[in-house]
Amino acid sequence: GENVEQHPSTLSVQEGDSAVIKCTYSDSASNYFPWYKQELGKRPQLIIDIRSNVGEKKDQRIAVTLNKTAKHFSLHITETQPEDSAVYFCAASSGEHYGQNFVFGPGTRLSVLP
Amino acid sequence: DSGVTQTPKHLITATGQRVTLRCSPRSGDLSVYWYQQSLDQGLQFLIQYYNGEERAKGNILERFSAQQFPDLHSELNLSSLELGDSALYFCASSVTPTNEKLFFGSGTQLSVL
């Protein structure tokens, strides 16, 4: 089955700096890659996603890049703010006809220091 | 608010007991997913239903079972509970069963004492 690895497990950056979180996946059939943000005690919320026919997607300060050949994708947050502090999860899904089996990475705890 | 409703929010029970967690998906969503999140751990996929039928299965224990009813709400049944079953259980929903954004509920915090 699919296996998703995520690095680093913890990341501390100064406010205003950029943060990069990287994920690798194992199943070449995976074709949908979302990123979720989970604040302490809250539900995971989708912040950006990318499909395998796209190499990069950007939404304001957040961007995601995908390298299908290398089977890795990354989340880039620019001009970080204290409210970006949270745990970020990447996920991969093959979405084959029998159903969608999202596999999440172990998460990255991002701390933005003021 | 994601529109996904989970009840109860908190559940405290003893080892060996059985509990039922309930989830109502967003209006219009036909697919429901269950995830388990242990303390400081990631999201472990348990099971997915689409329009009443099981569509995908993850690392769900045999002591756990789930179903989706005709009104699309879903229940996750956990039996013969063990201390290690203590976790936050999330339900999520999506419109279609494949490659679709998930919307998560607030979760049910289960504590097995």
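Letters A, B, ... mirror the listed sequences (proteins, then strands); counts begin at 1. Predicted, not measured: the structure shown is a model, and the values here were computed from it.
- Residues A/Val103 and B/Phe45 are not in side-chain contact: their nearest non-hydrogen atoms beyond the backbone lie 4.5 Å or more apart.
- Residue-environment remark: CD (A/Glu15) exceeds the threshold of 12 foreign heavy atoms within 6.0 Å.
- Of all the heavy atoms in B/Gly105 and A/Arg43, the pair that sits closest is O-CB, 3.2 Å.
- Residue B/Asn59 qualifies as open at atom CG: its count of foreign heavy atoms under 6.0 Å is 12 or below.
- Within 6.0 Å of atom CG in A/Leu113, more than 12 heavy atoms from other residues, nucleotides or ligands are found, so the atom counts as buried in its surroundings.
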Would B/Leu102 and A/Tyr36 count as a side chain to side chain contact (heavy atoms under 4.5 Å, CB included) here? Give the steps. CA-CA 9 Å; B/Leu102 298 186; A/Tyr36 286 80; 3.2 Å; yes
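- Heavy atoms of A/Gln38 lying under 4.5 Å from chain B belong exclusively to its side chain.
- Side chains of A/Phe104 and B/Gln37 form no contact here, defined as non-hydrogen atoms less than 4.5 Å apart.
- By the 4.5 Å heavy-atom criterion applied to side chains, A/Lys42 and B/Phe104 are not counted as neighbours.
- The number of heavy atoms from other shown groups lying within 6.0 Å of CG (B/Leu83) is above 12.
- Heavy-atom neighbours of A/Lys68 NZ from other residues, nucleotides or ligands within 6.0 Å: at or below the threshold of 12.
- Neither the backbone nor the side chain of B/Tyr49 comes within contact range of chain A; no heavy atoms are under 4.5 Å apart.
- Around the CD atom of A/Gln60, the shell of radius 6.0 Å holds no more than 12 heavy atoms that belong to other residues, nucleotides or ligands.
- There is no contact between A/Pro34 and chain B, counting heavy-atom distances below 4.5 Å.
- Neither the backbone nor the side chain of B/Tyr50 has a heavy atom closer than 4.5 Å to any heavy atom of chain A.
- Within 6.0 Å of the CD atom in A/Gln81, the count of heavy atoms belonging to other residues, nucleotides or ligands exceeds 12.
- Pairing each heavy atom of B/Gly42 with each of A/Phe89, the nearest pair is CA-CE2, 3.7 Å.
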